[in-house]
Each structure stands twice: as C-alpha cells, then as structure tokens.
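To start, the structure under review is shown below, and the notes come after it.
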Amino acid sequence: MEEGAEYVRGSILKRMVAAIRRDWSGERLDGHAWCSLVGRPADAPEVQRLLEQLRSLSTYQTIGNGETYFFHQVGVRVDIEDGILGRIEFDNCRQEHPPVRPFPGKLPQHLQFGQNHQTVRDLLGRSVEQFDPGFNPTEWFELPGEQYRLAVTYSKPAWTMLSVRAEAIR
C-alpha cells in the first residue's frame, strides 16, 4: 500500500470520529431536556424515544427485571420505577466492567463535570439533603417548578462533581 493511501485512510477515519463526537456532544445528547421526562410514564412516546435514542448510540446492560439500563458508551443510567421514568443519571466515568465513559452532552441546569461543590451550590442553591459516607458524598437539590430533584455526587478530597442524577419527586 502506498504511503499516501494510508494517510488518506487515516484522515477519513479522523473526520468520521470528529463527526461522531460532534453529533454526540450536540443537541442529540441534551441531558437538560431529558430531565423533563423524569416522572413521566415509561410507555409515553417521548420516554420511548429517549430509550431508542440511547440504544442507537450505545450498547447497554439491564439490571434486575430490565428496569435499569446502563448505556456505558455515553455515561447514562436510566431507571424505570413503578411504571415511570424514575431516574436518569449522567456519569463522568467509572472504572467498572465495562467501563462507563463520560457523558458527552449537555448536563442539566448548566452543570459541568469537575465543578466544585461551591460552584454547584451557586448554580442550584442550597441543598436540601446531604449524605457523606466518607467517600463520594452526595447533595440533593430541589428546583422550583420542576418535577424532579437533582442529586450531585462529588469526589473527595477535592469535592469535584462526578455525577448528577434527576430523580422523580414522589
């Protein structure tokens, strides 16, 4: 094979990867909009579209009776609880098998991975509940006018955001 042909193949591959990354980080992965689906019936068309969209982007694993879905390549976990979309979680990354990659899309409420807890509080207000087991503490925030609350989990000792999840308010 000629050296120029190898360069062209590598260049095409790089452009394809860049296009996929643009697609994944664009509006298709709008975690902020997805949070508005939390609390809706699992068989609602918009919830089914979300699940289909995630299935098209990532392999997934189900836990239990197929009510918890892990979409490893895009860092998303979806829980169906009592017939509703009960929770959606966006992860920065986890060293599991298979490893969970960081969610590449838009997080809810202008959050970003790596923000410290003070920045998160500046964006979301005062937390209504806290849990600190000695590692990866979590704070919960209620948002006026929303049908969900956000749980933000941090790493220690830096207190930087590792994950955020929207949970249905019951």
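Worth knowing before you read on, the calculation uses all heavy atoms, side chains too, and leaves out hydrogens, waters and symmetry mates.
With contacts defined as side-chain heavy-atom distances shorter than 4.5 Å, the pair Gln109/Leu107 does not qualify. Residues Arg126 and Arg121 have side chains not in contact (no heavy-atom distance under 4.5 Å, counting atoms from C-beta outward). A heavy-atom distance below 4.5 Å is not found between the side chains of Leu85 and Leu51. With a 4.5 Å cut-off on side-chain heavy atoms, Gln130 and Pro137 do not count as touching. A 4.5 Å side-chain heavy-atom check between Asn92 and Met161 finds every atom pair outside the cut-off. Between His110 and His32 the shortest side-chain heavy-atom distance does not fall below 4.5 Å.
Checked by atom type and distance alone, the side chain of Glu129 never pairs as donor or acceptor with a backbone atom of Glu139 at under 3.5 Å.
Smallest separation of non-hydrogen atoms from Phe90 and Cys35: CE1-SG, 4.0 Å. Pro104 and Leu29 get closest at one heavy-atom pair: CG-CD1, 3.5 Å. Closest approach of Gln73 and Ser58 over heavy atoms only: OE1-OG, 2.6 Å. Residues Ala166 and Tyr148 approach most closely at CB-CD1, 3.7 Å, considering heavy atoms. Summarising the geometry of Val38 relative to Ala168, their closest heavy-atom pair is CG1-N, 3.2 Å, with the distance given to 0.1 Å. Taking all atoms of both residues into account, the shortest heavy-atom contact from Asn136 to Pro133 is O-CD, 4.2 Å.
A distance of 8.0 Å separates CD of Glu146 from OG of Ser36, quoted to the nearest 0.5 Å. Taking CG of Asp91 as the reference point, atom NE2 of His72 lies at 10.5 Å (rounded to 0.5 Å). One finds the CZ atom of Arg40 at 11.0 Å from the CG atom of Leu50 (value rounded to the nearest 0.5 Å). Remark: Thr62 OG1 to Glu67 CD distance equals 9.5 Å, nearest 0.5 Å. For the atom pair Glu89 CD and Phe70 CZ, the distance stands at 7.5 Å (nearest 0.5 Å).
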*Yes or no on side chain to side chain contact (heavy atoms under 4.5 Å, CB included) for Leu123 and Gln115, after CA distance, side-chain angles and deciding distance?*
CA-CA 11 Å; Leu123 288 168; Gln115 288 175 322; 3.8 Å; yes

*asked:* Val76 vs Leu57, test: side chain to side chain contact (heavy atoms under 4.5 Å, CB included). Steps then yes/no.
replied: CA-CA 11 Å; Val76 175; Leu57 295 172; over 6 Å; no

_Set out, in order, the CA-CA distance, both residues' side-chain angles and the distance that settles side chain to side chain contact (heavy atoms under 4.5 Å, CB included) for Phe135 and Lys156, then state yes or no._
CA-CA 6 Å; Phe135 61 94; Lys156 271 192 160 180; 5.8 Å; no

_The test is side chain to side chain contact (heavy atoms under 4.5 Å, CB included); show your working for Val164 and Val120 and say whether it passes._
CA-CA 11 Å; Val164 60; Val120 170; over 6 Å; no

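Under the salt bridge (charged side-chain N to carboxylate O under 4.0 Å, His left out) criterion, Arg49 pairs with no residue, sequence neighbours left out. Not counting sequence neighbours, the partners of Glu167 by the salt bridge (charged side-chain N to carboxylate O under 4.0 Å, His left out) test are Arg149, Arg165. In this view, Tyr60 and Tyr69, Phe71 satisfy the ring pair (Phe, Tyr, Trp, His ring centres under 6.0 Å) rule, not counting sequence neighbours. Scanning for salt bridge (charged side-chain N to carboxylate O under 4.0 Å, His left out) contacts around Asp82 gives Arg170, with sequence neighbours left out. Listed by chain and residue number, Trp159 satisfy the ring pair (Phe, Tyr, Trp, His ring centres under 6.0 Å) test with Tyr154 (two or more places apart in sequence, or in another chain).
Other residues, nucleotides and ligands contribute over 12 non-hydrogen atoms within 6.0 Å of the CD atom of Glu81.
Ile88 and Leu162 are not part of a single hydrophobic cluster, where members link through side-chain heavy atoms under 4.5 Å apart. A single hydrophobic cluster is not seen to contain both Leu37 and Ile84; linkage of ILVMFWY side chains at heavy-atom distances under 4.5 Å, directly or through other members, places them apart.
With a 4.5 Å cut-off between side-chain heavy atoms of Ile, Leu, Val, Met, Phe, Trp and Tyr, the cluster of Trp140 takes in Val128, Phe131.
Of the N and O atoms on the side chains of Thr119 and Asp122, not one donor lies less than 3.5 Å from an acceptor on the other residue.
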